[in-house]
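Hydrogens, waters and symmetry mates play no part in the numbers below; they use all other heavy atoms, side chains included.
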Amino acid sequence: MAIKEYEFWFVVGTQHLYGEEIFADINSHAQEMCSEWSDKLPCRVVAKPCVKTSAEILDIMRQANNDLACAGVITWMHTFSPSKMWIAGLSELSKPYLHVNTQYNRDIPWDSIDMDFMNLNQSAHGDREHGYIHARMRKKVKVAAGYWKDEAFQNKIGIWMRAAVGAAESRKLRVLRISDNMRNVAVTDGDKIEAQIKLGWQVDHYGVGDIIRCVENVTDAEIDAQMAEYEQYYDMDTDNIEAVRYQAREEVAIKKFLDENGFGAFHTNFEDLQQLRQLPGLASQDLMRQGYGFGAEGDWKVAAMTRIMKLMAEGMTDGGTAFMEDYTYHFEPGNEMLLGSHMLEVCPTIAADKPKIQVHPLGIGDREDPARLVFKAQTGNAIVVTLVDMGDRLRMIVNDVECKEQTNDMPKLPVAGVLWKPMPCLQTSAEAWIYAGGAHHSVLSYSLTAEHMRDFAEIMGIEFIHINKDTEINSFKKELFYNDVAYKLGM
């Protein structure tokens, strides 16, 4: 589903104590708020009739659980809604859950405020009653407080919405493993059963031979059509057209296999190519442009995260999202930076200018020179995200970075690259990343922020670690230690 096809249900709490005549006003206010939010936020918000009893609350939560288009539930207490009424419904709610603490009127109507007004507008204490019960029940919930028309308030809801859509897509994601993990590498492997239990990912292995048979069955007409797409999106900067046509053949085959079997992400492995003439480079890059997730060298976790983060960022115009690898450091005093890249497979959605298709030798894989896209990346603020298996839990690590202009060319390293300054500085960032067990593969996104990923991690029930401008190593190590203790105690 596209992000716009998801909706969120707005469930407003009240009770019969104040008379039934207030219900029409409550429903009218909810409709007005949902209309405003639907115009401003990534997804439509649907106002449900206000709930007054435990039975009504339980019924609406069960309906939300069973509606595939519903990505989450937003609650608000327009009046005082006794929270014991919510226990049954919240106990059964399995969708992401946002509690907004707002009120219909922005200002206190000093001249006209009376008890009738107070009976209708009790969010200031009604939402605190509601907050107690989800705190007591240890419910995973996002709380947003503020006036419902304020941009900052709406932005907080929008961030949570994108995380909730990521959770919905995560729970139905299927990841194609073409071959296995790169031999002897630990961090890119992990517990696929735990990933399916916690994140919903179905991670399936297929042999390279299955892909080779698809490659062999691609027609010249299909290759011609794919080449026309390349001409539309990229500049052809090579005379070795046959190498480019072979990448087109691989892309057509992999895309067919993905679509016919319901996969949203895939990985390759240069150690196991069998009869493939080239490692899929341009093919993988162009598939990422279309929204598929990708991971190199058997990294199924980063492939899945690339797919999910691309879906979470759908419709955002400030940059792209790409599979990434920490490539090499620049330790110039006062200007320390990190070059992110990969030997072939960096998504062109992050390119500063129109990417070029080039063909160059590849020092590993022992195959023909592969075609790939070569470009320099955009400038701007971004995040890099990795997911690692700690044995007793999954840990997401996010680092805030600032992508800088790459003024230097790399004539002897023809790859796509991103040059960034990690927060708070390269030395602290690298130490923190390594202390946390972060992988050398990650997902870079200009569109999403650490708050998007924190909301996603909290919805999915996995550990979240944030390296940012305020990170200090001793405090960071304490956070890791306390997290270890908490998880060992099952907290």
Whether Arg395 side chain and Ala436 backbone form a donor-acceptor pair below 3.5 Å: yes
Using the rule given for side chain to side chain donor-acceptor pair (under 3.5 Å), can you reason through Asn483 versus Glu463, listing the C-alpha separation, both sets of side-chain angles and the distance that settles it, and then say yes or no? CA-CA 8 Å; Asn483 286 6; Glu463 184 184 7; 2.7 Å; yes
Exactly one of Val175, Ile211, Ile254 should register a side chain to side chain contact (heavy atoms under 4.5 Å, CB included) with Phe266. Which one does? Ile254
Here the pair of heavy atoms bringing Ala71 nearest to Pro96 is O-CD, 3.3 Å
Could you tell me whether the side chains of Tyr329 and Gln427 share a donor-acceptor contact shorter than 3.5 Å? no
The reported gap from OG1 in Thr328 to CG in Leu338 (rounded to nearest 0.5 angstrom) is 8.0 Å
Taking Glu271 for its side chain and Met182 for its backbone only, find out whether a donor-acceptor pair lies under 3.5 Å. no
A quick test of your reading: do over 12 heavy atoms of other residues, nucleotides or ligands sit less than 6.0 Å from CG of Asp39? yes
Ionic contact status for Glu402 with Lys404, cut-off 4.0 Å: yes
Working for side chain to side chain donor-acceptor pair (under 3.5 Å), residues Glu36 and Gln154: CA-CA 10 Å; Glu36 162 90 9; Gln154 293 178 358; 3.0 Å; yes
Check Thr471 against Ala432 and note the closest heavy-atom contact, atom names and distance. CG2-CB, 4.4 Å
Carboxylate-amine/guanidinium contact Lys140 Glu458, below 4.0 Å: no
Tell me whether the NZ or CZ atom of Arg277 lies within the 45° cone about the ring axis of Tyr246 and under 6.0 Å from its centre. yes
Hey, is the main chain of Thr317 close enough, under 3.5 Å, to the side chain of Tyr446 for a donor-acceptor pair? no
Identify whether the distance between the nearest side-chain nitrogen and carboxylate oxygen of Lys376 and Asp409 falls below 4.0 Å. yes
Quick check: does any side chain N or O of Gln247 sit under 3.5 Å from a backbone N or O of Gly281, one acting as donor and the other as acceptor? yes
Using ring-ring contact (aromatic ring centres under 6.0 Å, His included), reason through His342 and Phe323 one step at a time and then give a plain yes or no. CA-CA 9 Å; His342 207 261; Phe323 162 72; 5.1 Å; yes
Does Asp150 reach the main-chain N or O of Ala152 with its side chain, forming a donor-acceptor pair under 3.5 Å? no
For Trp300, what residues pass the ring pair (Phe, Tyr, Trp, His ring centres under 6.0 Å) criterion, not counting sequence neighbours? none
Among pairs that include at least one residue of residues 187-200, which meet side-chain hydrogen bond (donor to acceptor under 3.5 Å, both in side chains), considering only residues two or more places apart or in two chains? Asn181-Thr188
Hey, are His466 and Asp400 close enough side-chain-wise for a donor-acceptor pair under 3.5 Å? yes
Please say whether more than 12 non-hydrogen atoms of neighbouring residues, nucleotides or ligands are located less than 6.0 Å from OH in Tyr435. no
CZ on Arg307 to CG on Leu173, rounded to 0.5 Å: 7.0 Å
Are a donor atom and an acceptor atom from the side chains of Ser442 and Thr386 found within less than 3.5 Å of each other? no
Ion pair present between Lys310 and Glu169, side-chain N to carboxylate O less than 4.0 angstrom? no
More than 12 foreign heavy atoms under 6.0 Å from CZ of Phe481: is that the case here? no
Considering all heavy atoms of both residues, which atom of Ile3 and which atom of Pro42 are nearest to each other, and what is their separation? CD1-CB, 4.2 Å
Scanning both residues in full, the closest heavy-atom pair of Gly72 with Lys95 reads CA-CB, 4.1 Å
CD1 of Ile364: more than 12 outside heavy atoms within 6.0 angstrom? yes
How many angstroms lie between atom CG of Asp272 and atom CD1 of Ile178, to the nearest 0.5 angstrom? 10.5 Å
Just by modelled atom types, is the Ile223 backbone N or O under 3.5 Å from a matching donor or acceptor in the Arg245 side chain? no
Do Glu297 and Met343 touch side chain to side chain, with heavy atoms closer than 4.5 Å? yes
With no hydrogens and no angle check, just 3.5 Å: does a side-chain donor-acceptor pair link Asp286 and Tyr234? yes
Ala69 to Glu5 - nearest heavy-atom pair and separation: CB-O, 4.1 Å
Could you measure the distance from the CD atom of Glu368 to the CG atom of Leu273? Nearest 0.5 Å is fine. 11.5 Å
Pair Lys256 + Asp259: basic N to acidic O under 4.0 Å: no
Tell me whether the rings of Phe153 and Trp37 are parallel (<30°), tilted (30 to 60°) or perpendicular (>60°). tilted
Between Asp455 and His452, is there a side-chain heavy-atom distance shorter than 4.5 Å? no
Show your reasoning for whether ring-ring contact (aromatic ring centres under 6.0 Å, His included) applies to Trp160 and Phe8. CA-CA 11 Å; Trp160 173 82; Phe8 290 82; 5.2 Å; yes
Answer yes or no: is there a donor N or O on one side and an acceptor on the other, between the side chain of Glu332 and the main chain of Asn335, under 3.5 Å? no
Find out whether Tyr6 and Arg44 are in side-chain contact, i.e. whether some heavy atom of one side chain is under 4.5 Å from a heavy atom of the other. no
So does Val45 get a backbone contact from the side chain of Ser38, meaning a donor-acceptor N/O pair under 3.5 Å? yes
Pair Arg177 + Asp204: basic N to acidic O under 4.0 Å: no
Would you say Thr75 and Leu98 make side-chain contact, with heavy atoms under 4.5 Å? no
Kindly compute the distance separating CD1 (Ile383) from CG (Asn399), expressed to the nearest 0.5 Å. 10.0 Å
Using atom types as modelled and distance alone, determine if a side-chain donor or acceptor of Thr306 lies under 3.5 Å from a backbone N or O of Ala322. no
Can you label the angle between the Phe257 ring and the Phe263 ring as parallel, tilted or perpendicular, going by 30° and 60°? parallel
Is it the case that the side chains of His441 and Asp299 hold a donor-acceptor pair, with the cut-off being a distance below 3.5 Å and no angle test? yes
Under a 4.0 Å threshold between the charged nitrogen and the carboxylate oxygen, would Lys354 count as salt-bridged to Asp235? yes
So Glu431 and Trp433, side chain to side chain donor-acceptor pair (under 3.5 Å) or not? Walk me through it. CA-CA 6 Å; Glu431 289 172 10; Trp433 191 272; over 6 Å; no
Might you point out which heavy atoms bring Cys403 and Ala382 nearest each other, and give the distance in Å? SG-CB, 3.9 Å
What's the separation between atom CG in Asp366 and atom CG in Leu279, rounded to the nearest 0.5 Å? 12.0 Å
Okay, side chain of Arg174, backbone of Lys172: is any donor-acceptor separation there less than 3.5 Å? no
Passing option when Glu451 is tested against Lys142, Lys156, Arg162 for side chain to side chain donor-acceptor pair (under 3.5 Å): Lys142
Would you please test Glu251 and Gln290 for side chain to side chain donor-acceptor pair (under 3.5 Å) and show each step? CA-CA 12 Å; Glu251 179 172 349; Gln290 298 168 56; 2.9 Å; yes
